[in-house]
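Below: the structure, in structure tokens.
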Amino acid sequence: VGWWVGGFGYWWIAGALIGLGLVLFTVFRPQKAPVTAPLYAVAEGIFVGGISRFYETTYDGIVLQASLLTGAIFATMWFLYASGRIRVTPKLQKAIIAATMGVLATYVLAWILPIFGASIPFLHDSGPIGIGISLIIVGIAAMNLLIDFDYIDRLNQEPHERWQDWFAAMGLLVTVIWIYLEI
């Protein structure tokens with residue numbers, strides 16, 4: 001299979017890079033979200049489709065499991081938020097953002113360290129420690145859904161501009177894709 005994943009060739013890698021670029025652009029220009037959010041969805045569709053095809057050919061059944069777990073996490077977090085069992089307070093929001101920044105820093109180091117012949121041990125291992133690290137990261141990603149839900153909820157309680165809906169939808173999609181890929 002190698003780089004030629006499900007007929008996508010290198011397109012799935014391009015999808016990932018274009019998606020990342022669109023997210024970074026939109027963070028600094030959120031008013032452009034009505035254009036960038038659909039483009040991001042297409043780019044990530046190519047990326048997620050390609051990488052899913054690769055993993056499915058390597059580990060039969062993993063895509064269905066990851067999809068079902070992602071859906072279950074989404075539904076559970078929505079229930080916990082909508083029922084009021086978890087309230088997004090400023091303190092909780094700061095903790096989630098801090099944890100997310102820690103994961104981001106770890107991901108960046110995981111990309112940079114191999115240039116210098118080093119790596120972060122256990123980060124992508126399939127052993128118990130690697131799985132434990134992944135579970136923690138999935139938990140942090142799941143908590144980001146609460147921030148997304150809260151943002152959308154607050155938007156619906158007050159008049160707002162149309163681009164904010166697109167921005168919120170893009171943020172939610174970023175989080176769901178993160179959960180899926182981490183699983």
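On a predicted model such as this, the values are computed, not experimentally measured, just so you know.
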Nearest-0.5 Å distance that lies between atom CD1 in I46 and atom CD1 in I51: 14.0 Å

Heavy-atom neighbours of R29 CZ exceed 12 at 6.0 Å: no

Minimum side-chain heavy-atom gap I73-T76 below 4.5 Å: no

CD1 on I140 to CG on L135, rounded to 0.5 Å: 11.5 Å

Side-chain heavy-atom pair Y81, I152 within 4.5 angstrom cut-off: no

Minimal non-hydrogen separation, P38 against A33, with atom names: CD-O, 3.8 Å

same_hphob_cluster(F28, L20) at 4.5 Å side-chain heavy-atom cutoff: no

Heavy-atom donor-acceptor pair, E182 side chain to I137 backbone, under 3.5 Å: no

Parallel, tilted or perpendicular, as decided by the 30° and 60° cut-offs, for the rings of Y59 and Y55: parallel

Within one Ile-Leu-Val-Met-Phe-Trp-Tyr cluster: M170 and Y180, side-chain cutoff 4.5 Å: yes

Approximate separation, where rounding is to 0.5 Å, of K32 NZ and L39 CG: 12.5 Å

In one Ile/Leu/Val/Met/Phe/Trp/Tyr side-chain cluster, 4.5 Å: L80, V88: yes

Side-chain donor or acceptor of D125 paired with backbone N/O of P121 under 3.5 Å: no

Check: R154 main-chain N/O paired with Q157 side-chain donor or acceptor under 3.5 Å: no

CG on L146 to OG1 on T89, rounded to 0.5 Å: 10.5 Å

Step-by-step side-chain contact (heavy atoms from CB on, under 4.5 Å) determination, T26 to W166: CA-CA 10 Å; T26 307; W166 285 99; over 6 Å; no

Parallel, tilted or perpendicular: ring planes of W12 versus F54, cut at 30 and 60 degrees: parallel

Flag side-chain contact, heavy atom, 4.5 Å: M143 against M77: yes

Test item: F47 and L181 side chains (from C-beta on) under 4.5 Å apart, heavy atoms: yes

Side chain to side chain, I62 and E56, heavy atoms closer than 4.5 Å: yes

Any L92 side-chain heavy atom under 4.5 Å of I86 side chain: yes

Where S126 and I131 come nearest, the two heavy atoms and their spacing: O-CD1, 3.4 Å

Side-chain heavy-atom pair V176, L145 within 4.5 angstrom cut-off: yes

V108 reachable from I136 in the ILVMFWY side-chain graph, under 4.5 Å edges: no

Side-chain donor or acceptor of H124 paired with backbone N/O of F122 under 3.5 Å: no

No-hydrogen, no-angle side-chain donor-acceptor test under 3.5 Å, D148 and T175: yes

Atom pair OG1/CH2 of T70 and W178 - distance to nearest 0.5 Å: 13.0 Å

Partners meeting ring-ring contact (aromatic ring centres under 6.0 Å, His included) with F74 (sequence neighbours left out): F149

Rounded distance (nearest 0.5 Å) linking atom CG of L24 with atom OG1 of T36: 11.0 Å

Cluster link V35 to L22, ILVMFWY, side chain under 4.5 Å: yes

A168 versus L155, closest heavy-atom pair with distance: CB-CD1, 3.9 Å

4.5 Å side-chain heavy-atom contact, V63 and S52: yes

Y107 atom OH, neighbour heavy-atom count above 12 within 6.0 Å: yes

